[in-house]
Amino acid sequence: RRKILSRRALEALKELDAEAAARWVEDAELEPEYALEVLNKAASSAKERRDLGTAGVFMARAAGFAYGEERGMLALEGSVLLEGSSVAESLRLAKLAVQELPGHLAAILLLAGKLVAQSRRVADAEPLLAPLPEAVQHGPEANKARLGFHVVCGDFRGALEVWEKVWGDG
């Protein structure tokens, strides 16, 4: 009975209020593809209203209905959207993104940044970067991230060392 009522509520709301409709997704026991459609529409609505936290929650829920690369990309976006409102959920989604998108530099750097910010230890980033190809490990994005890790930790000497090694004259 709950499933039937939830589906009716969702169907009645989906064109009028995507976010309200999304509240019924789990109780309606939708097929994954349809659940993803409803939750993505709700996330878009929340983003249009500039409510990034709510959009992130919808993306996190959507990730639960997706698989593989799609799941990883939803988790990555959800993690970014939730940075300002739910540190724990943002971290969980960043870990999920790295798990589902092995070798995806943006996901790895996002998770590494979160771990470093939490622990205040630059070394926490290195195990995530180590499996990457050498050229990527020492490419511009990774080097900018390393510089940022040192700054976040208040290690300005380390930041200067990275700067000199990468962008210095010698």
Side-chain angles (χ1 to χ4, degrees), residues 19 22-23 25-26 32 35-36 39-170:
E19 294 176 53
R23 292 185 191 119
V25 166
E26 286 81 5
L36 284 166
L39 291 166
N40 279 321
K41 191 172 179 182
S44 293
S45 171
K47 283 189 245 179
E48 286 174 17
R49 293 186 302 101
R50 292 183 167 52
D51 185 349
L52 302 183
T54 298
V57 169
F58 288 130
M59 297 302 283
R61 288 174 57 203
F65 289 95
Y67 297 95
E69 185 176 340
E70 182 180 23
R71 184 177 193 186
M73 295 307 290
L74 290 166
L76 179 60
E77 185 174 357
S79 178
V80 171
L81 291 169
L82 286 169
E83 282 181 335
S85 60
S86 178
V87 174
E89 182 66 356
S90 182
L91 179 60
R92 183 190 74 79
L93 290 169
K95 288 177 180 178
L96 177 61
V98 168
Q99 175 186 324
E100 296 292 337
L101 301 167
H104 190 283
L105 186 59
I108 289 169
L109 293 179
L110 177 69
L111 177 56
K114 289 179 182 310
L115 293 174
V116 168
Q118 188 176 49
S119 70
R120 298 289 191 229
R121 290 189 313 261
V122 174
D124 288 353
E126 291 309 318
L128 291 167
L129 299 174
L132 294 172
E134 193 74 20
V136 175
Q137 283 185 45
H138 301 289
E141 293 90 359
N143 284 324
K144 285 182 214 171
R146 274 193 188 88
L147 181 66
F149 299 158
H150 285 281
V151 171
V152 163
C153 293
D155 177 15
F156 301 110
R157 182 179 305 240
L160 184 59
E161 288 172 6
V162 169
W163 179 269
E164 289 175 344
K165 181 178 177 183
V166 175
W167 295 285
D169 290 333

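Note that the structure is predicted; figures quoted are calculated from it, not measured.
- Ala94 approaches Lys114 most closely through the heavy-atom pair CB-CD, 3.8 Å.
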Show me the donor-acceptor pairs, under 3.5 Å and distance only, between side chains in residues 148-155 and residues at least two apart or in other chains.
| unit_1 | atom_1 | unit_2 | atom_2 | d |
| --- | --- | --- | --- | --- |
| His150 | ND1 | Asp155 | OD2 | 2.8 |
| Asp155 | OD1 | Gly158 | N | 2.9 |

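- Heavy-atom minimum distance, Val25 versus Ala35: CG1-CB, 3.7 Å.
- Atom NZ of Lys95 has 12 or fewer neighbouring heavy atoms from other residues, nucleotides or ligands inside a 6.0 Å radius.
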### Message
Is there a side-chain contact (heavy atoms from CB on, under 4.5 Å) between Leu110 and Glu83? Walk through the geometry before answering.
### Response
CA-CA 10 Å; Leu110 177 69; Glu83 282 181 335; 3.2 Å; yes
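- Across every non-hydrogen atom of Ala145 and Leu109, the tightest pair is CB-CD2, 3.7 Å.
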### Task
Begin with the C-alpha distance, continue with both residues' side-chain angles, and end with the deciding distance and a verdict on side-chain contact (heavy atoms from CB on, under 4.5 Å) for Leu82 and Ser85.
CA-CA 5 Å; Leu82 286 169; Ser85 60; 3.5 Å; yes
### Query
How far apart are the C-alpha atoms of His104 and Glu69, what are their side-chain angles, what is the distance that settles it, and do they pass the side-chain contact (heavy atoms from CB on, under 4.5 Å) test?
CA-CA 10 Å; His104 190 283; Glu69 185 176 340; over 6 Å; no
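- Here the CG-CD distance, from Leu105 to Glu141, works out to 5.5 Å after rounding to the nearest 0.5 Å.
- Leu91 places a side-chain heavy atom less than 4.5 Å from the side chain of Leu111.
- Scanning all heavy atoms of the two residues, the minimum distance from Gln137 to Ala142 falls at O-CB, 3.3 Å.
- The shortest side-chain heavy-atom distance between Leu115 and Leu128 falls under the 4.5 Å cut-off.
- Here the CG atom belonging to Leu93 is positioned 9.5 Å from the CE atom belonging to Met59, to the nearest 0.5 angstrom.
- Using a distance-only test at 3.5 Å, with no hydrogens or angles considered, a donor-acceptor pair links the side chain of Ser44 to the main chain of Asn40.
- For residues 57-80, no residue pair satisfies the ring pair (Phe, Tyr, Trp, His ring centres under 6.0 Å) rule, not counting sequence neighbours.
- Between Leu132 atom CG and Ile108 atom CD1 the span is 4.0 Å, to the nearest 0.5 Å.
- Contact check for Leu147 versus Val166: no side-chain heavy atoms found under the 4.5 Å cut-off.
- Here the shortest heavy-atom pairing between Ala63 and Ala75 reads CB-N, 4.2 Å.
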### Task
Would you sort out whether Glu100 and Met73 count as a side-chain contact (heavy atoms from CB on, under 4.5 Å), showing the intermediate values?
CA-CA 8 Å; Glu100 296 292 337; Met73 295 307 290; over 6 Å; no
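- With salt bridges taken as basic N to acidic carboxylate O contacts below 4.0 Å, one links Arg92 and Glu89.
- Residues Leu81 and Thr54 have side chains not in contact (no heavy-atom distance under 4.5 Å, counting atoms from C-beta outward).
- Using a 4.0 Å cut-off between charged side-chain N and carboxylate O, Glu161 and Arg146 make no salt bridge.
- Residues passing the side chain to side chain donor-acceptor pair (under 3.5 Å) test with Glu70, sequence neighbours excluded: none.
- The two residues Ala125 and Val116 make their nearest non-hydrogen contact at CB-CG2, 3.8 Å.
- Between the side chain of Arg50 and the main chain of Lys47, no donor-acceptor pair closer than 3.5 Å is present.
- Checking side-chain atoms of Asn143 against main-chain N and O of His138 turns up a donor-acceptor pair under 3.5 Å.
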